[in-house]
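Everything below concerns the one structure shown next.
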Amino acid sequence: MSKFSQPSVDSTVALIMTQNGRAETKVVSTPRKPSKGGWNAAIFIIFVEAALRFAYYGLAGNLITYLTNDLHQSTSTAIKNINTWVGVSAIFPIFGAIVADSLLGRFKTILLSSTIYFIGMVLLTLSVSVIPTHYREAVFFIALYIIAVGEGGHKPSVQTFAADQFDEEEPEEKAAKSSFFNWWYLGIVVGASSAILVVIYIQDNIGWTAGIGILTGALGVALLIFLIGIKRYRKQAPVGSPFTMVAQVFVAATRKRRVDQTRQGWGICYEAGGTDIEGQPRKRTLAATNQFRTMGVMVLVGVISVNMATFNGKGAAALKAKKRNHAEHLIFLDKAMIIDDLDASSKTRNPWRLCSLNQVEEVKLVLRLLPIWLSCLMFTVVIVQTHTLFIKQGSTMTRSIGPNFQVPPASFQSLVGLTILFTVPLYERVFIPAARKITGHSSGITMLQRIGVGLFLSIVEMVAAALVEGKRVSIAREHGLMDIPKATIPMSVWWILPQYMISGISDVFTVVGLQELFYDQMPESMRSMGAAAYISVTGLGSFFNTAIITVVQAITARSSGILLGNNLNRAHVDYFYWILAVLSALNFCVYLWVAHGFVYKKVEGEKPQEGRELAFAEHLDAKT
């Protein structure tokens, strides 16, 4: 057992009486709570992440305004540049996760990437202030992509590092981890909303130098806070490249594709041995699952557990007698753990020929998540609209509050955050207990059901946005403002409140659900990669959004076009919203099909989660 999993104890001296009546002292060890980790450490990291999100959203939230007004880019060009930057920022975490899991560990990766992030922010501050005008755009984009590199290392590591502060072997901490993801996201929203409400106003009314300078200062403070809490954290050592483990299973399965356990096999390699790693929690044993079959139907009557170190001829004879009870065909990946004649005659295990059951099941965990990952791309396409087209839409409407104050259009993104601030506590305190009484599930609804609710709401969001935009254009036509793009439409900006609120509610369901799913269902050694996978959904969604815009522009180029210029009144943005609504509806149908066949992680010795994702009606049938 590793040092990580050893219980903490306090030593005290006690006076005891022996049988002969003599008094003696004895050192008595009593368990105590660990001095590291738990909420005492996690709350520290949540605070730091809130500060970093303050810096990120203070920049990204108003980026389209800077590109169009200060760098004089067209609306469509600015949107594509933002999508590309957001996409790259979300793809880099894949590489950051590899560095965290296999080389540096999460703590060092966070520290290094946050330093790179800070350098990028300093350069960005210089680019909007002292850099000469003819070099400004180039330096600005260089700084943006340095920040993207910093994001790449920080984002997949920090959430996983915070969740690692809760020990899954302790029932209390395991229960707290489920709530952690809700409060983690709430902390992010507080940071983002503060930036959108305060910093964006400064950028629009005082200047970009002051606005970016505040963000840079906040990032510097966040770095110091992270270092102050260094003694509170549970740190886990890197475990090697996660791709090596995946590759070994596929290579071993391919090499044994013609091996049949009932004829050529000597049993199954249940444990590889020596899997505990210093600085890592003790590895839990996964249960076998029937997935990724190549042919036939497998009916597993019993799992044969074989330790190669104790494998001998007598045991082989007994196993050969038992294996005739198994089905004729094995699942493809399971062939990687069959012990054949060559494995049995070898003194050491070749990991590229023979893998343990645990290793095979970990690869299955990764493969299960891929369809879910793909079916959430359209959701992120909808998210992109909140900081691009929604802002341009609001900028043309009446934004006055009183005689002398106008709300900056980008500040309306704070409505998403404010909605989340109210929704998360309601979800925790009202929705979960109510849903728990109906479904019997400890979290009220399963992670996939939670994601599905958010996907459905994203469809409603696009429908609401399309209807509001159609109303805005009709008012512009009535007042003869169609060809005056900078004119203010006599329509209150609060008409766009519903689409922002629906966006916030859908985030509480889908975004938090994805965070929990990609942490909980990934192998423990690949949880940074799980966070990177969740983040990369946003990146690919941004690229997908750019592709949709490009296709739509190409199709409509001979007419008035969609998003082809700065005249939003003739850009047919409502048509674009309807296209996204239809695509989201189709995507939702695919998600329902994928989620219905999803099998949750099963751990030996623990109460299993739902074997398959059931429809709500099926839950009710089971209850009655």
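Excluded from the calculations below are hydrogen atoms, water molecules and symmetry mates; all remaining heavy atoms, backbone and side chain alike, are included.
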query: Got a donor-acceptor contact below 3.5 angstrom from the Thr510 side chain to the Asp507 backbone?
result: no
- prompt: Does the distance from a Lys or Arg side-chain N to an Asp or Glu carboxylate O, for Asp70 and Arg136, drop under 4.0 Å?
  reply: no
- request: Using a 4.5 Å cut-off on heavy atoms from C-beta on, say whether the side chain of His154 contacts that of Phe92.
  value: no
query: Would a 4.5 Å heavy-atom cut-off, applied to side chains only, mark Leu448 and Ile451 as touching?
result: yes
Separation of Ile212 CD1 from Ser129 OG (nearest 0.5 Å): 10.0 Å
- request: Applying side-chain contact (heavy atoms from CB on, under 4.5 Å) between Trp578 and each of Val573, Val463, Leu583, report the one that passes.
  value: Val463
task: Test Phe390 against Tyr500 for ring-ring contact (aromatic ring centres under 6.0 Å, His included), laying out the working first.
output: CA-CA 9 Å; Phe390 283 12; Tyr500 275 112; 5.4 Å; yes
- request: Using modelled atom types only, decide if a donor and an acceptor are shared between the side chain of Thr380 and the backbone of Val537 within a distance under 3.5 Å.
  value: yes
task: Calculate, to the nearest 0.5 Å, the distance between atoms CD1 and CG belonging to Ile146 and Leu123 respectively.
output: 5.0 Å
message: Walk me through whether Tyr66 and Phe140 qualify under ring-ring contact (aromatic ring centres under 6.0 Å, His included).
response: CA-CA 11 Å; Tyr66 185 80; Phe140 184 84; 4.7 Å; yes
query: Any chance OH of Tyr201 has more than 12 other-residue heavy atoms, nucleotides or ligands included, within less than 6.0 Å?
result: no
- request: Measure across Val48 and Ala222 and return the closest heavy-atom pair with its distance rounded to 0.1 Å.
  value: CG1-O, 3.8 Å
message: Within a 6.0 Å radius of atom CZ on Phe456, are there more than 12 heavy atoms belonging to other residues, nucleotides or ligands?
response: no
query: Looking at side-chain heavy atoms only, is the closest gap between Val594 and Ile372 below 4.5 Å?
result: yes
message: Test your reading of the model: is there a side-chain donor-acceptor pair from Ser74 to the backbone of Thr77, 3.5 Å cut-off?
response: yes
query: Does Thr84 reach the side chain of Tyr145, with side-chain heavy atoms less than 4.5 Å apart?
result: yes
- request: May I ask you to decide if the ring planes of Tyr427 and Phe431 are parallel, tilted or perpendicular, using 30° and 60° as cut-offs?
  value: parallel
Distance in Å, Leu369 CG paired with Cys376 SG, rounded so as to fall on 0.5 Å steps: 10.5 Å
- prompt: Checking side-chain contact (heavy atoms from CB on, under 4.5 Å) for the pair Thr386/Glu461: CA distance, chi angles, key distance, verdict?
  reply: CA-CA 10 Å; Thr386 61; Glu461 177 187 348; 3.8 Å; yes
message: Would you say that more than 12 heavy atoms from the other residues, nucleotides or ligands in this model lie under 6.0 Å from the CZ of Phe544, or not?
response: no
query: Has the side chain of Arg53 got a donor or acceptor atom that lies under 3.5 Å from a matching backbone atom of Val190?
result: no
- request: Determine, step by step, whether Phe412 and Leu497 satisfy the side-chain contact (heavy atoms from CB on, under 4.5 Å) criterion, reporting the C-alpha distance in whole Å, the side-chain angles of both residues, the deciding distance to 0.1 Å, and the verdict.
  value: CA-CA 8 Å; Phe412 283 94; Leu497 176 63; over 6 Å; no
field: Side-chain heavy-atom pair Leu67, Phe141 within 4.5 angstrom cut-off
entry: yes
query: Going by atom types alone, do Glu469 and His572 pair a side-chain donor with an acceptor below 3.5 Å?
result: no
message: Pairing donors with acceptors under 3.5 angstrom, does anything connect the side chains of Gln385 and Asn545?
response: yes
query: Judged by atom type as modelled, is there a donor-acceptor pair below 3.5 Å linking the side chain of Ser503 to the main-chain atoms of Ile383?
result: no
- prompt: Do you know the tightest heavy-atom contact between Thr216 and Thr125?
  reply: OG1-OG1, 2.9 Å
field: Between Gln499 and Tyr577: side-chain donor-acceptor atoms closer than 3.5 Å
entry: no
query: Is a side-chain donor or acceptor of His479 paired with a backbone partner of Ile475 at a separation under 3.5 angstrom?
result: yes
Heavy-atom pair of closest approach, residues Phe422 and Pro425: O-CD, 3.5 Å
message: Donor-acceptor check, side chain of Gln449 to backbone of Thr446, threshold 3.5 angstrom: yes or no?
response: yes
query: Would the number of heavy atoms belonging to other residues, nucleotides or ligands and lying under 6.0 Å from CH2 of Trp495 be above 12?
result: no
task: Specify the closest pair of heavy atoms between Ile196 and Gln413, including all atoms of both residues, with the distance to one decimal.
output: CD1-CB, 3.5 Å
field: Which atom of Ala143 lies closest to which atom of Gly120, heavy atoms considered
entry: CB-O, 3.7 Å
task: Taking only Lys NZ, Arg NE, NH1 and NH2, and the carboxylate oxygens of Asp or Glu, determine whether Lys471 and Glu478 approach each other closer than 4.0 Å.
output: no
- prompt: Under 4.5 Å between any side-chain heavy atoms of Val366 and Met522, yes or no?
  reply: yes
message: To the nearest 0.5 Å, what is the distance between CG on Leu467 and CE on Met462?
response: 11.0 Å
message: Does the Lys NZ or Arg CZ of Lys155 fall within the cation-pi geometry relative to Tyr56 - under 6.0 Å from the ring centre and within 45° of the axis?
response: yes
message: Quick one about Asn569 and Arg472 (side-chain donor to acceptor, distance below 3.5 Å, no hydrogens or angles considered), yes or no?
response: yes
task: Using a 4.5 Å cut-off on heavy atoms from C-beta on, say whether the side chain of Ile202 contacts that of Trp208.
output: no
field: Minimum heavy-atom distance between Arg399 and Val407, given as atom pair plus value
entry: NH1-O, 2.6 Å
field: Test item: side-chain donor near acceptor, Ser458 and Ser506, under 3.5 Å
entry: no
- request: Evaluate side-chain contact (heavy atoms from CB on, under 4.5 Å) for Tyr117 paired with Val149, printing each intermediate quantity in order.
  value: CA-CA 7 Å; Tyr117 198 129; Val149 173; over 6 Å; no
- prompt: Side chains of Arg570 and Val473: closer than 4.5 Å at any heavy-atom pair?
  reply: no
task: With rounding to the nearest 0.5 Å, note down the distance linking CG in Leu71 to OG1 in Thr65.
output: 11.5 Å
